[in-house]
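To start, the structure itself, in structure tokens.
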Amino acid sequence: MIKFVLDSASDYFSSGLAERNQKKYEDLNVQVVPLILSTQERTFIDDKKLDVSEMISIMENHKGRSYTACPSMDGWLSAYEGGDEIFVITITSGLSGTYNSAMVAREEYLAEHPEAKIEVFDSLSTGPEMYMIFEKLAEGVEKGLSFEENTKVVREMMPKMQTLFSLKSLHNLAENGRVNKLVASAVGALGLSIIGKASTEGTIEPIGKCRGEKKAVATICAQLEKDGYRGGRVRICHVENPGFGKMMADAILEKYPEADVLYYPARGLCSFYAERGGIILGCE
Ligand code: X90
């Protein structure tokens, strides 16, 4: 059996993708392995059942620290179970132990099932880019590519993908040591948004600050152009901000009418780190 295993940073269970996933991928075996979000008092599993809006409010109103953790070994192993050819897509190894844990689980699974094949793709990114890697792999399977051919095609394509974001707060990223505290304080204090991108190492690279969503859209469009985007696939997740998602999507479509653009609400992990109002965009 061919399996696709994604961690929950992929936003696979986004309500905005549900209908599409059901239509396009109902014949595929897709498993989503949850990351875990927590405060001292509560634990949220980022699975299909998580009420993301409620989680965001609770986290925002909570005074103490909050944390995240990568999926458990059991989470990976039960997702791999039954698979002969398994494609795994993880959030960036530059910011999370998730890729590592998927690789450890891979060794364990292969020890039990020496004939199985498991390829773990480190997205060096998060949500939208992870979903796009999944889409490419699914296309390869539909075209009848072998496991190895499909892996090769997607690995060659991955460096051509890019992730950009606009965030209104970097509080949770800074508190969890995922971004420099100085960078973070400059944003919140002045009511600015920070525009940034995923570096080639899969870490957060700020590229500018601006005030207001219109300016953020213009800055991201300019960056896309600069990075060689010419109208391919774009995926955008937003945190409780469909208006911003739509504005971004419309701006891209106006400039590149042929573009294939989707925007949808983020699930738990991306919502926690991108925070209310933020968007993350992946493109090819
Ligand atoms: O292992 C864990 O506990 C999870 C840690 C995840 C850390 C960061 C997630 C970033 C999410 C921020 C904007 C997009 C950044 C681009 C990726 C390099 C969203």
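Everything numeric here is computed off the predicted structure, so don't read it as measured data. In listed order, ligands and their atoms are each counted from 1. Every heavy atom of this structure was used, including side-chain atoms; hydrogens, water molecules and symmetry mates were not.
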| query | For F44, what residues pass the ring pair (Phe, Tyr, Trp, His ring centres under 6.0 Å) criterion, not counting sequence neighbours? | reply | none
| What residue among E129, E284, E135 forms side-chain hydrogen bond (donor to acceptor under 3.5 Å, both in side chains) with R235? | E135
| query | Any ion pair linking R276 and E60 (charged N to carboxylate O, less than 4.0 Å)? | reply | yes
| For L253, what residues pass the side chain to side chain contact (heavy atoms under 4.5 Å, CB included) criterion, not counting sequence neighbours? | A259, V261
Enumerate, one pair per line, all nitrogen or oxygen atoms of ligand 1 lying under 3.5 Å from a protein nitrogen or oxygen, stating the separation to 0.1 Å; write 'none' if no such pair exists.
| unit_1 | atom_1 | unit_2 | atom_2 | d |
| --- | --- | --- | --- | --- |
| ligand 1 | 1 (O) | S96 | OG | 2.7 |
| ligand 1 | 3 (O) | T68 | O | 3.3 |
| ligand 1 | 3 (O) | T68 | OG1 | 2.5 |
| ligand 1 | 3 (O) | A69 | N | 3.4 |

| request: Please determine if K152 and E148 form a salt bridge, counting it only when a charged side-chain N lies under 4.0 Å from a carboxylate O. | output: no
| field | Pairing residues for Y109 by the ring pair (Phe, Tyr, Trp, His ring centres under 6.0 Å) criterion, not counting sequence neighbours | value | Y80, H113
